[in-house]
Amino acid sequence: MPSADAGPTDTDGAAPAGFDQSGFGAALAAAHYSVALDTASDKDFGAVLNAVTVDDEGRRLWAAARAGLKIGPPKTDRVPTLEAWSSTPEDPIQQTQVHLYWRQYDGSMTEQRRQMMWNGEDWRLQLPHSPQSPELRAVQAPPEQATPFDPPA
């Protein structure tokens with residue numbers, strides 16, 4: 001997972017924390033939170049969900065939808081690579097919609113939308129109020145205005 005001066009500064013809890021109150025900090029948080037939610041074990045999912053999401057109806061609906069699933073360990077040969085991000089701040093300080101561009105294991109590209117809210121201390125992911133709401137879609141490539149994630153050498 002990418003890290004930078006913009007975060008995370010704390011990797012000891014249920015999920016990474018400590019992201020800057022900036023578009024880049026929100027993008028880093030969105031990526032880390034997405035992976036944390038997707039890879040949380042059945043035992044740890046509740047703690048991860050509570051640590052990274054806004055406490056609202058979206059969280060409750062997603063928790064209920066996940067309760068019926070059993071998740072096994074991640075398949076390491078199918079882990080996507082984060083290639084780029086973009087952010088469209090609605091209010092640059094308090095909220096932003098982040099788009100993450102992932103290269104999938106099969107070579108395809110997906111865009112993941114994440115609504116991020118600042119809670120006074122860190123970013124939180126605001127989950128849609130419908131678990132069936134599409135947050136991921138296939139794309140050919142990140143748009144020109146997207147910022148590439150350049151991993152350290």
Side-chain angles (χ1 to χ4, degrees), residues 1-89 94-106 108-137 142 146-152:
M1 286 303 306
S3 63
D5 290 343
T9 60
D10 179 4
T11 57
D12 293 331
F19 296 93
D20 282 357
Q21 191 176 1
S22 66
F24 186 47
L28 288 167
H32 279 268
Y33 296 170
S34 295
V35 170
L37 285 170
D38 289 349
T39 61
S41 69
D42 296 334
K43 177 180 151 267
D44 297 331
F45 181 75
V48 172
L49 184 70
N50 290 337
V52 304
T53 62
V54 173
D55 185 9
D56 66 1
E57 187 65 15
R59 179 196 283 179
R60 287 181 279 289
L61 290 169
W62 281 75
R66 172 71 191 264
L69 301 176
K70 293 293 177 203
I71 306 295
K75 297 190 182 285
T76 56
D77 62 337
R78 293 184 176 221
V79 175
T81 302
L82 185 57
E83 289 198 356
W85 67 279
S86 65
S87 174
T88 52
Q94 299 302 319
Q95 62 183 354
T96 185
Q97 186 172 89
V98 173
H99 295 243
L100 302 172
Y101 298 92
W102 300 92
R103 176 73 57 197
Q104 300 298 319
Y105 72 94
D106 64 0
S108 64
M109 175 72 64
T110 56
E111 174 193 72
Q112 184 178 37
R113 287 185 325 233
R114 291 299 197 190
Q115 185 66 33
M116 303 300 291
M117 306 290 289
W118 184 257
N119 76 350
E121 297 177 10
D122 211 343
W123 289 104
R124 293 292 175 257
L125 174 60
Q126 185 173 35
L127 294 169
H129 288 200
S130 170
Q132 292 78 32
S133 182
E135 293 293 306
L136 193 68
R137 70 183 183 108
T147 304
F149 267 114
D150 293 322

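Small disclaimer: the values here were computed from a predicted structure and weren't measured.
- Of all heavy-atom pairs between T11 and P8, the closest is CG2-CG, 4.0 Å.
- Other residues, nucleotides and ligands contribute only 12 or fewer heavy atoms inside 6.0 Å of the CG atom of D5.
- Contact of the W62 side chain with the P128 side chain is registered, since non-hydrogen atoms from C-beta on lie closer than 4.5 Å.
- Taking the six-membered ring for Trp and thresholds of 30 and 60 degrees, F24 and F149 have ring planes inclined between 30 and 60 degrees apart.
- Screening residues 51-60 for salt bridge (charged side-chain N to carboxylate O under 4.0 Å, His left out), with sequence neighbours left out, gives D55-R59, D55-R60, E57-R60.
- Side-chain atoms of P80 and Y105, non-hydrogen and from C-beta on, never get closer than 4.5 Å to each other.
- Taken from OG in S87 to CD in Q95, the straight-line distance is 10.5 Å, to the nearest 0.5 Å.
- Smallest separation of non-hydrogen atoms from S86 and A146: CB-CA, 4.2 Å.
- When side chains are defined from C-beta on, L127 counts as touching L49, because their heavy atoms get closer than 4.5 Å.
- The minimum heavy-atom distance between G7 and L28, with the atom names listed, is O-CD1, 3.5 Å.
- Taking CD of Q126 as the start and CZ of R124 as the end, the distance is 13.0 Å to the nearest 0.5 Å.
- In this structure the side chain of L37 reaches within 4.5 angstrom of the side chain of L125, judged on heavy atoms.
- Looking only at side-chain heavy atoms (C-beta outward), R137 and T110 stay at 4.5 Å or farther from each other.
- Atom CD of Q97 and atom OG1 of T88 lie 5.0 Å apart (nearest 0.5 Å).
- Note that OG1 of T96 is 12.5 Å distant from CH2 of W118, once rounded to the nearest 0.5 Å.
- Using a 4.5 Å heavy-atom threshold, the side chains of L61 and R66 count as separate.
- Listed for the Y33 side chain is a donor-acceptor partner under 3.5 Å among the backbone atoms of W123.
- What you find for V48 and A14 is that their closest heavy atoms are CG2-O, 3.4 Å.
- Between Q115 and M117, the closest side-chain pair of non-hydrogen atoms falls below 4.5 Å.
- The structure places CD of Q112 at 11.0 Å from OH of Y101, a figure rounded to the nearest 0.5 Å.
- Atom CG of N119 is separated from atom CD of Q21 by 9.5 Å, given to the nearest 0.5 angstrom.
- Between G18 and D122, the shortest heavy-atom distance links the atoms N-OD2, 2.6 Å.
- Annotation: side chain of T9 is not in contact with side chain of F19 (no heavy-atom distance under 4.5 Å).
- The heavy-atom pair separating M116 from A29 by the smallest distance is CE-CB, 3.8 Å.
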